[in-house]
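Quick note: residue numbers are just sequence positions, from 1.
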Amino acid sequence: MTEVVLHVYDVTNSGSDKTNNTIMQINKIFKDGIGLGGIFHSAVQVYGDEEWSFGFCEQGTGVFHCPSTQNPMYTYRESIKLGQTTNSVSKINQILRELSREWPGESYDLLAKNCNHFCDEFCERLGVSKLPGWVNRFANAGDTAVEIAGNTAYRFRQAKTEIVTASKVAYRFLAGIASNNMITGPDSPGNSNGGTPRFQPTWFKNLVAPGEKPSSSSELEDEDQQHRQGTKAPL
């Protein structure tokens with residue numbers, strides 16, 4: 001058996017001292033001050049002096065290792081003991097080979113598949129505790145916000161479809177009235193209002209001019225798709 005240790009870093013690789021200092025202050029307030037969490041990088045150490053983590057790269061695996069607490073890209077913060085694993089060195093090497101295949105660098109995602117998610121997965125396979133909630137809370141909160149936004153957008157599209165259907169029905173109803181009035185004049189037997197026109201075709205044409213019919217639901221969906229594609233910002 002051997003101890004599994006989580007090493008936590010402040011994410012200070014922005015290239016800007018001002019931004020890095022801001023991140024340090026955010027972490028100090030949100031983690032140290034009120035215990036909610038912050039913007040962190042994490043890595044797992046098990047057997048030996050190396051720590052294992054995950055990051056972005058264009059080709060190959062995103063799983064990498066470096067000397068424990070010595071990752072040059074970030075600022076080391078603290079270490080947390082997660083328990084002891086009963087896995088042998090050879091078994092852990094097998095687990096790392098599997099993870100290396102399953103976690104390609106190009107699949108890195110800040111909210112859904114980052115270094116903290118990797119460490120959670122690694123710890124689960126080692127049979128020890130997962131990361132404390134505060135380590136990855138900001139990413140989890142962001143992921144939840146994206147999901148909520150997606151559900152809201154779906155409900156909004158549903159509402160637009162219902163509005164389109166109602167407007168098409170109303171349009172056909174008005175068009176039918178106008179069509180009838182083109183045939184039935186104000187003095188015809190079909191007019192029961194004593195000579196008062198039921199509906200003037202000219203007025204209707206001004207109200208719903210050619211080319212101003214309600215868009216179909218498919219047209220709105222196409223417009224919505226074009227809008228979302230045109231406004232989507234990279235992470």
Side-chain angles (χ1 to χ4, degrees), residues 1-15 19-20 23-24 26-144 146 235:
M1 296 177 66
T2 189
E3 194 79 48
V4 178
V5 181
L6 179 75
H7 300 301
V8 181
Y9 297 79
D10 292 302
V11 176
T12 52
N13 62 335
S14 68
T19 301
N20 290 340
I23 291 173
M24 295 284 285
I26 289 173
N27 290 350
K28 183 176 180 63
I29 294 170
F30 280 87
K31 194 276 175 181
D32 298 335
I34 56 181
L36 288 180
I39 305 170
F40 302 113
H41 169 80
S42 64
V44 172
Q45 179 183 0
V46 54
Y47 285 121
D49 297 324
E50 301 288 308
E51 65 179 34
W52 295 85
S53 192
F54 171 73
F56 173 81
C57 63
E58 293 183 353
Q59 294 182 342
T61 182
V63 178
F64 68 93
H65 62 90
C66 68
S68 297
T69 73
Q70 300 300 312
N71 190 315
M73 293 182 63
Y74 310 108
T75 302
Y76 171 73
R77 163 177 277 266
E78 62 184 285
S79 296
I80 304 168
K81 293 182 179 180
L82 299 177
Q84 293 188 327
T85 180
T86 58
N87 290 291
S88 64
V89 174
S90 60
K91 176 61 177 179
I92 290 173
N93 286 336
Q94 178 187 337
I95 292 172
L96 286 168
R97 284 193 296 270
E98 293 171 353
L99 290 172
S100 295
R101 290 192 297 269
E102 297 168 9
W103 291 72
E106 63 180 3
S107 69
Y108 180 91
D109 184 276
L110 181 63
L111 297 181
K113 198 170 186 177
N114 62 30
C115 58
N116 301 314
H117 295 108
F118 168 81
C119 290
D120 254 347
E121 176 71 18
F122 191 16
C123 288
E124 182 175 355
R125 299 194 190 190
L126 291 175
V128 298
S129 300
K130 287 191 172 186
L131 278 61
W134 58 263
V135 175
N136 205 31
R137 182 163 287 135
F138 273 24
N140 292 334
D143 202 23
T144 301
V146 169
L235 289 175

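Remark: Glu106 engages no residue in a salt bridge (Lys or Arg N to Asp or Glu O under 4.0 Å) (not counting sequence neighbours). Residues forming a side-chain contact (heavy atoms from CB on, under 4.5 Å) with Cys66 (at least two apart in sequence, or on another chain): Glu51, Asn71. For Glu124, the salt bridge (Lys or Arg N to Asp or Glu O under 4.0 Å) test picks out Lys130, with sequence neighbours left out.
Between Glu98 and Arg125, the shortest heavy-atom distance links the atoms OE1-NH1, 3.4 Å. Asp109 and Leu111 make their closest contact through OD1-N, 2.9 Å (heavy atoms, listed as atom of the first residue, atom of the second, distance). Across all their heavy atoms, Cys123 and Ser129 have their closest contact at CB-O, 3.5 Å. Contact detail for Leu99 and Glu121: the closest heavy-atom pair is CD2-CG, 3.8 Å. Asn114 and Leu110 make their closest contact through ND2-O, 2.9 Å (heavy atoms, listed as atom of the first residue, atom of the second, distance). Contact between Tyr74 and Val11 at its shortest, heavy atoms only, is CD2-CA, 3.8 Å.
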Residue pair Val44, Leu126: steps toward the side-chain contact (heavy atoms from CB on, under 4.5 Å) verdict
CA-CA 11 Å; Val44 172; Leu126 291 175; 4.3 Å; yes
Begin from the C-alpha positions of Ser107 and Phe54 and carry the test side-chain contact (heavy atoms from CB on, under 4.5 Å) through to its verdict.
CA-CA 10 Å; Ser107 69; Phe54 171 73; 3.9 Å; yes
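Taking the side chain as every heavy atom from C-beta outward, Thr85 and Lys91 never approach each other to under 4.5 Å. Within the 4.5 Å cutoff, no side-chain heavy atoms of Asn136 are placed close to those of Ser42.
To the nearest 0.5 angstrom, Thr12 atom OG1 is 10.5 Å from His41 atom NE2. One distance of note links OG of Ser90 with OH of Tyr47; it measures 9.0 Å at 0.5 Å rounding. Between atom CD1 of residue Ile80 and atom CG of residue Leu131 there is a gap of 7.5 Å, rounded to the nearest 0.5 Å. Atom CZ of Phe122 sits about 11.0 Å away from atom CG of Leu82, to the nearest 0.5 Å. The distance from atom CZ of Arg137 to atom CG of Asn116, rounded to the nearest 0.5 Å, is 12.0 Å. Atom CG of Asn87 sits about 11.0 Å away from atom OG1 of Thr2, to the nearest 0.5 Å.
For Tyr108 (side chain) and Trp103 (main-chain N/O), no donor-acceptor pair under 3.5 Å exists by modelled atom type. Checked by atom type and distance alone, the side chain of Asn27 never pairs as donor or acceptor with a backbone atom of Phe40 at under 3.5 Å. A donor-acceptor contact shorter than 3.5 Å links the side chain of Ser68 to the backbone of Asp49. Between the side chain of Gln45 and the backbone N or O of Gly48, at least one donor-acceptor pair lies under 3.5 Å.
Side-chain atoms of Asp120 and His117 include no donor-acceptor pair closer than 3.5 Å. If you check the side chains of Tyr76 and Ser79, you find a donor sitting under 3.5 Å from an acceptor.
Annotation: Phe118 is not in aromatic contact with Trp52 [ring centroid separation under 6.0 Å not met].
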